[in-house]
Protein chains: 2
Amino acid sequence: MIAFQVFFWYTETMPDKNHTTGFKPIAPRKIYQSILEQFVNMVCDGSLKTGEKIPSERELAESFQVSRPSVREALRVLEIIGLIDIQPGGGAYLKELSISPFISVIAPLLFSRDSFDLELLEFRELIEIRAMELIGERFTEADLDAIGSSLKEMGKALEGNDPEAGAVADIAFHRSLLLASKSYILQKVLEVVVSLFEHAIRGGRSLVLQEHEDARQLYEEHKGIYEALERRDFNLARSLVQAHLTMVRGLYARTVTAKEIPAESAL
Amino acid sequence: MIAFQVFFWYTETMPDKNHTTGFKPIAPRKIYQSILEQFVNMVCDGSLKTGEKIPSERELAESFQVSRPSVREALRVLEIIGLIDIQPGGGAYLKELSISPFISVIAPLLFSRDSFDLELLEFRELIEIRAMELIGERFTEADLDAIGSSLKEMGKALEGNDPEAGAVADIAFHRSLLLASKSYILQKVLEVVVSLFEHAIRGGRSLVLQEHEDARQLYEEHKGIYEALERRDFNLARSLVQAHLTMVRGLYARTVTAKEIPAESAL
DNA sequence: CCTAGATAACTGGTAATACCAGTTGACAGA
DNA sequence: TCTGTCAACTGGTATTACCAGTTATCTAGG
């Protein structure tokens with residue numbers, strides 16, 4: 001069963017060279033790490049619940065018998081990993097784990113790579129299609145309802161010619177699909193992908209919006225997916241999702257090349 | 001092209017309720033965020049290179065015209081996102097972005113969910129198989145060499161009955177496969193998966209090691225994958241990887257149920 | 001009595017300072 | 001040349017203080 005032990009020795013032995021001897025480098029334990037550990041454990045065992053207000057920095061410092069800066073460092077980390085929401089002057093509140101703040105920090109690093117945008121699109125396809133493969137096994141009426149209401153929102157947005165509402169409904173639709181897969185990891189991964197897309201667009205990349213003559217086609221595609229699920233035809237639904245995402249990627253590629261050419265001719 | 005705008009409005013409008021008005025909540029910009037941003041930008045544009053030593057906290061505080069605690073908060077975040085390596089008494093050094101420290105913090109939260117282990121295995125399958133799909137298009141001789149040398153290490157470990165070396169070679173093998181896919185995202189995602197496995201095992205879960213009577217079978221499977229790649233038979237290689245991972249998952253399931261039963265009877 | 005506005009007691013954000021512990025490198029003695 | 005010491009770093013932690021924003025209370029005015 002080496003295949004598992006693999007994962008144990010990876011980070012242990014790869015970085016340092018003396019893994020043949022059995023000496024491991026000593027890393028001094030820092031105070032903020034201990035605080036962090038206690039916090040995470042308390043969340044795990046339910047001592048702290050989502051939405052709950054955590055004590056003030058001064059109280060925590062007193063409780064932990066450490067100084068306020070140490071507490072602050074731990075809180076800073078908790079903020080970055082998206083486990084708490086800090087309101088200056090207010091207090092800190094526990095929330096559902098969200099990786100977005102972390103992604104915000106590293107996003108520029110990722111996008112500094114060539115062709116990262118396209119890879120991201122491909123990756124999104126991968127997880128969404130996988131979600132569709134899982135969806136059949138444990139599909140419920142509630143899942144269908146959630147997807148249906150997203151579709152209805154999309155329809156309303158189309159009628160009212162409201163791209164923003166349509167966008168929100170679109171993401172809600174795909175989110176519902178992921179939720180129906182009942183896979184926690186896939187949901188979290190989608191969260192990361194969504195944050196990355198957001199930063200990509202905010203940073204001026206992939207600005208393929210505004211031209212919503214395709215809005216009706218998109219709506220029809222989503223409607224098709226919904227109807228397939230309604231009939232419990234999961235194979236068809238999967239194919240439709242695949243076709244939909246491929247189409248979206250095609251639109252992206254078209255937009256990018258259209259944007260690239262004038263950029264080059266300007267040189 | 002609503003499908004893209006979606007991602008822009010997601011985190012903007014979902015959290016607050018007044019997205020119909022257009023008012024966005026004001027979040028006061030904190031000093032450490034500004035420092036963070038400057039740092040990340042400097043890494044992006046190459047002002048700071050991997051391995052380079054960054055100035056001391058006191059120097060940075062002076063340069064940025066802020067206090068040392070503010071600098072420390074930024075450094076703390078950089079440490080968590082795995083962009084710098086801090087040696088107490090030494091200094092801080094830039095390194096390749098690695099998500100492991102971040103994963104270390106949130107791992108307990110993730111594993112506190114039921115059936116996360118199995119989901120993780122399934123997810124690993126997903127990305128590895130996807131990597132095998134990509135591998136055909138851009139496979140080079142260097143890729144084959146890297147995979148081959150990992151296999152050779154695995155063989156040596158098998159002869160010498162050295163599970164640890166075999167484990168290292170195993171992960172190196174799969175890593176080479178991911179590298180050959182030329183997909184940055186898949187590589188990074190594998191990194192995360194590997195970190196998670198490490199924490200799972202360290203935390204006493206999935207301790208399915210030691211019994212290496214299966215080592216030869218694992219070696220043969222890896223060898224088969226290599227030989228298929230040698231003949232550029234990518235379809236066969238993909239099937240073999242799929243079979244290999246399914247087998248590994250089966251072993252896991254067997255071990256878990258074997259462990260679960262005595263645990264229950266002990267109650 | 002009720003409401004509007006001021007006030008006081010919070011909160012987190014930042015700063016300045018000091019001291020400790022570990023690392024490093026140079027220097028002096030063997 | 002080698003070795004041990006020591007001084008000058010480094011980051012880790014603690015203390016204290018003050019600022020700005022929020023919140024809740026209380027008071028003065030209606």
Side-chain angles (χ1 to χ4, degrees), chain A residues 15-18 23-39 48 51-95 101 104-105, chain B residues 15-18 23-39 48 51-95 101 104-105:
Chain A
D16 59 319
K17 302 94 198 171
N18 54 355
F23 295 112
K24 291 175 203 164
I26 293 177
R29 183 142 191 93
K30 295 169 198 169
I31 287 187
Y32 86 93
Q33 289 177 327
S34 303
I35 299 177
L36 218 51
E37 196 178 306
Q38 280 198 42
F39 247 102
L48 291 173
E52 204 165 316
K53 179 175 181 175
I54 64 179
S56 75
E57 298 182 353
R58 291 169 177 82
E59 282 180 57
L60 287 174
E62 201 174 346
S63 303
F64 287 125
Q65 294 286 331
V66 295
S67 74
R68 217 183 123 201
S70 296
V71 172
R72 278 184 64 78
E73 288 187 9
L75 291 182
R76 187 89 309 129
V77 174
L78 289 174
E79 189 184 18
I80 287 297
I81 68 177
L83 201 60
I84 63 174
D85 203 11
I86 299 180
Q87 299 169 1
Y93 296 84
L94 241 82
K95 61 172 184 177
S104 304
V105 179
Chain B
D16 60 318
K17 301 94 197 169
N18 53 355
F23 295 112
K24 291 174 205 166
I26 293 178
R29 182 141 191 97
K30 297 170 197 169
I31 287 187
Y32 86 92
Q33 290 177 327
S34 303
I35 298 178
L36 219 51
E37 196 178 306
Q38 282 199 41
F39 247 103
L48 290 173
E52 205 165 317
K53 179 174 181 175
I54 64 178
S56 75
E57 297 183 353
R58 291 170 177 83
E59 281 180 58
L60 286 174
E62 202 174 344
S63 304
F64 287 124
Q65 293 286 331
V66 296
S67 74
R68 219 182 123 200
S70 296
V71 172
R72 279 185 63 79
E73 287 186 9
L75 291 181
R76 186 88 311 127
V77 174
L78 290 173
E79 188 184 19
I80 287 297
I81 67 176
L83 201 60
I84 64 174
D85 203 12
I86 300 180
Q87 299 169 1
Y93 295 83
L94 241 83
K95 61 172 184 176
S104 305
V105 179

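Proteins come first, then strands; the chains are lettered A, B, ... in the order of their sequence lines, and each starts at number 1.
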How long is the line joining CD of B/Glu59 and P of D/dC9, in whole Å? 10 Å

Decide side chain to side chain contact (heavy atoms under 4.5 Å, CB included) for A/Phe39 and A/Leu48; before the verdict, give the C-alpha distance in whole Å, the side-chain angles of both, and the deciding distance to 0.1 Å. CA-CA 8 Å; A/Phe39 247 102; A/Leu48 291 173; 3.7 Å; yes

Mind checking if B/Gln33 touches a base, just sugar-phosphate, or nothing, with heavy atoms under 4.0 Å? nothing

When every non-hydrogen atom of A/Tyr32 is compared with those of A/Ser70, the smallest separation belongs to CB-O, 4.0 Å

Neighbour count >12 (heavy atoms, 6.0 Å) for atom CD, A/Glu62: no

By side-chain hydrogen bond (donor to acceptor under 3.5 Å, both in side chains), which residues pair with B/Glu37, not counting sequence neighbours? B/Arg29

Interatomic distance where CZ belongs to B/Phe64 and C1' belongs to C/dT14 [whole Å]: 16 Å

Between B/Lys30 and A/Glu79, is a side chain to side chain contact (heavy atoms under 4.5 Å, CB included) present by the stated rule, with each step listed? CA-CA 12 Å; B/Lys30 297 170 197 169; A/Glu79 189 184 18; 2.7 Å; yes

Once base and sugar-phosphate atoms are separated, protein heavy atoms under 4.0 Å mark nucleotides 11-20 of chain D, 5' to 3', with B, S and - as BBBBB-BB--

